[in-house]
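Following: one structure in structure tokens, then a few remarks.
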Number of protein chains: 2
Amino acid sequence: MAQTDTVTRILDTAEVLFAERGFAETSLRNITGKAKVNLAAVNYHFGSKKALIQAVFARYLDPFSERFHNAIDELEATYGEKVIPLEVLLETMARTVLEVPAERHSLKVFMRLLGLAYSQAQGHLRRYIQEQYGTVFTRFVELVRQATPELPDAERFWRLHFVLGTVIFTFSGLDALRDISEKDYGEHVSVRNLVKRLRPVVVAAMQAPLPDLDGQDTDKTVTVLTGAG
Amino acid sequence: MAQTDTVTRILDTAEVLFAERGFAETSLRNITGKAKVNLAAVNYHFGSKKALIQAVFARYLDPFSERFHNAIDELEATYGEKVIPLEVLLETMARTVLEVPAERHSLKVFMRLLGLAYSQAQGHLRRYIQEQYGTVFTRFVELVRQATPELPDAERFWRLHFVLGTVIFTFSGLDALRDISEKDYGEHVSVRNLVKRLRPVVVAAMQAPLPDLDGQDTDKTVTVLTGAG
DNA sequence: GCATAATTAAAACAATTGTTTCCAACTGTG
DNA sequence: CACAGTTGGAAACAATTGTTTTAATTATGC
């Protein structure tokens with residue numbers, strides 16, 4: 001058994017189990033058992049369970065980070081001094097996200113891991129991702145800023161997280177949602193199909209009219225909402 | 001110490017710890033220690049940790065379910081045979097969600113618990129919530145269907161989950177996001193403020209143009225996206 | 001082909017988990 | 001006051017956790 005084989009086998013098994021059950025709910029014995037490697041192999045090759053978790057993320061985020069930087073480089077070279085349209089930025093992000101796991105594993109696992117990174121506020125993980133891949137996200141946000149000059153900075157910040165929530169939540173719970181969709185509406189949705197459904201919704205969300213933040217909401221009447229129809 | 005005091009103290013402490021760290025990461029000793037009750041009290045009063053988790057949810061979802069049914073009853077009485085507008089439905093849902101935890105605890109905890117219920121796919125939890133509170137959601141969805149006749153059923157299904165993802169994701173990670181927002185943009189966002197920001201985005205998402213689902217995406221050009229600008 | 005390092009294997013480790021047991025303390029009722 | 005049943009408290013339970021240790025095996029370099 002080659003040296004890399006054990007490492008790869010652990011990573012392959014771990015990412016699936018993590019995505020299915022979460023980090024705390026997945027024991028090393030569970031991983032090593034399913035991967036048919038020795039229990040001590042995890043601590044030998046990775047050092048600790050925390051380090052294994054980070055390694056699982058790195059295997060997705062490293063290629064993503066590199067590809068996305070390259071994609072943005074190309075865009076900037078193409079558009080020169082001109083502002084890159086929001087739709088192009090979103091499309092580039094989507095394409096990069098879709099490309100990375102396509103090579104090896106499923107997008108679902110990747111998204112589910114991202115969702116876990118947020119929801120299971122494992123302190124070390126959030127810190128690791130922020131330190132390791134913060135610059136990519138910062139660069140993207142800056143371009144989005146230039147593409148949406150009409151949005152106040154704070155508003156853009158929140159809207160980006162709104163759509164991030166939509167995407168992560170959707171793909172993270174993909175299996176369960178797909179089952180319901182298939183049972184109730186008889187149609188099987190592919191990832192590509194779902195991306196197509198997401199497109200107009202995400203764009204509409206980013207381009208929605210600005211909220212009325214003045215007035216200390218003295219009343220909860222529904223009239224406030226109707227302004228967007 | 002009255003009989004209910006211990007139970008309440010356990011629930012109050014458990015919901016906060018669950019919301020902060022998740023279910024598996026929160027031990028009974030952690031809960032009982034912080035709640036200053038005996039370790040065995042949990043198993044005595046609730047039977048098991050699983051049952052405790054369900055009880056924590058029930059304390060939020062029971063009042064929510066009742067209030068929401070009442071609110072819908074009122075709406076149906078008011079509108080008679082007429083269709084209830086989408087904005088009114090969303091507003092009613094939002095108001096009910098905001099009302100329930102306001103009485104006792106924080107909305108953040110409530111949302112975070114909902115997020116965990118989805119992300120930490122504890123089988124028993126999802127089943128419990130589905131069995132216990134499925135009818136409320138079904139009733140709501142049916143009204144949304146009448147309010148959005150232009151949406152295909154499957155499309156409406158997905159869009160509801162898209163916005164559900166936005167809301168849960170946002171409030172679930174509220175603390176972390178708020179910290180960033182406050183640090184980078186110097187403005188402290190309240191829950192009410194955030195609800196105001198969500199309003200136009202959610203409405204725009206539901207009313208976004210329909211996706212182009214034909215054509216087996218032969219190309220990944222950005223032109224597909226621009227149709228929504 | 002041998003010496004040395006790298007990897008795998010098996011076992012034990014200490015710590016923590018949810019749960020149960022057993023007994024004391026309390027509560028309310030006759 | 002006495003006695004039933006309920007609740008609280010400390011300890012122990014068995015199971016599982018991540019990690020470490022020790023020995024065997026395999027690969028590598030000279």
Would you please indicate yes or no on a ring centroid separation below 6.0 angstrom for F169(B) and F169(A)? no
In whole Å, I'd like the distance from the CG atom of L28(B) to the P atom of dT16(C). 15 Å
Measure from CG on N38(B) to C1' on dT6(D) and round the result to the nearest Å. 15 Å
Using whole Å, what does the distance between atom P of nucleotide dT27(C) and atom CG of D5(B) come to? 13 Å
Does dT6(D) have its OP1 or OP2 closer than 4.0 Å to a side-chain nitrogen or oxygen of H45(B)? no
Atom CG of N30(A) to atom C1' of dG18(D): distance rounded to whole Å? 14 Å
Answer yes or no: does a side-chain N or O of S48(B) lie under 4.0 Å from OP1 or OP2 of dG18(C)? no
Whole-Å gap separating C1' (dG18(D)) and CG (L17(A)): 16 Å
What does T26(B) touch in the nucleic acid at a heavy-atom separation under 4.0 angstrom: a base, only the sugar-phosphate, or nothing? sugar-phosphate
Could you work out which one of dT7(D), dG18(C), dG8(D) sits closest to the side chain of T6(B)? dG8(D)
Would you say a side-chain N or O of N43(B) is under 4.0 Å from OP1 or OP2 of dG18(C)? no
Of A40(A) and S27(A), the one whose nearest nucleotide on DNA chain D sits closer to the 5' end is S27(A)
Those residues at least two apart in sequence (or on a different chain) that pass side chain to side chain contact (heavy atoms under 4.5 Å, CB included) with L177(A) are F157(B), W158(B), H161(B)
Given dT17(C), dA12(C), dT6(D), the nucleotide with the shortest approach to the side chain of Y44(B): dT6(D)
F137(A) and F140(A) aromatic ring geometry - parallel, tilted or perpendicular at 30°/60° bounds: tilted
Return the CG to CD1 distance between L52(A) and I31(A), rounded to the nearest 0.5 Å. 5.5 Å
Closest listed nucleotide, where the reference is the side chain of R29(B) and the choices are dT19(D), dA11(D), dT17(C): dT17(C)
Distance in angstrom units between I10(B) CD1 and dT7(D) P, rounded: 12 Å
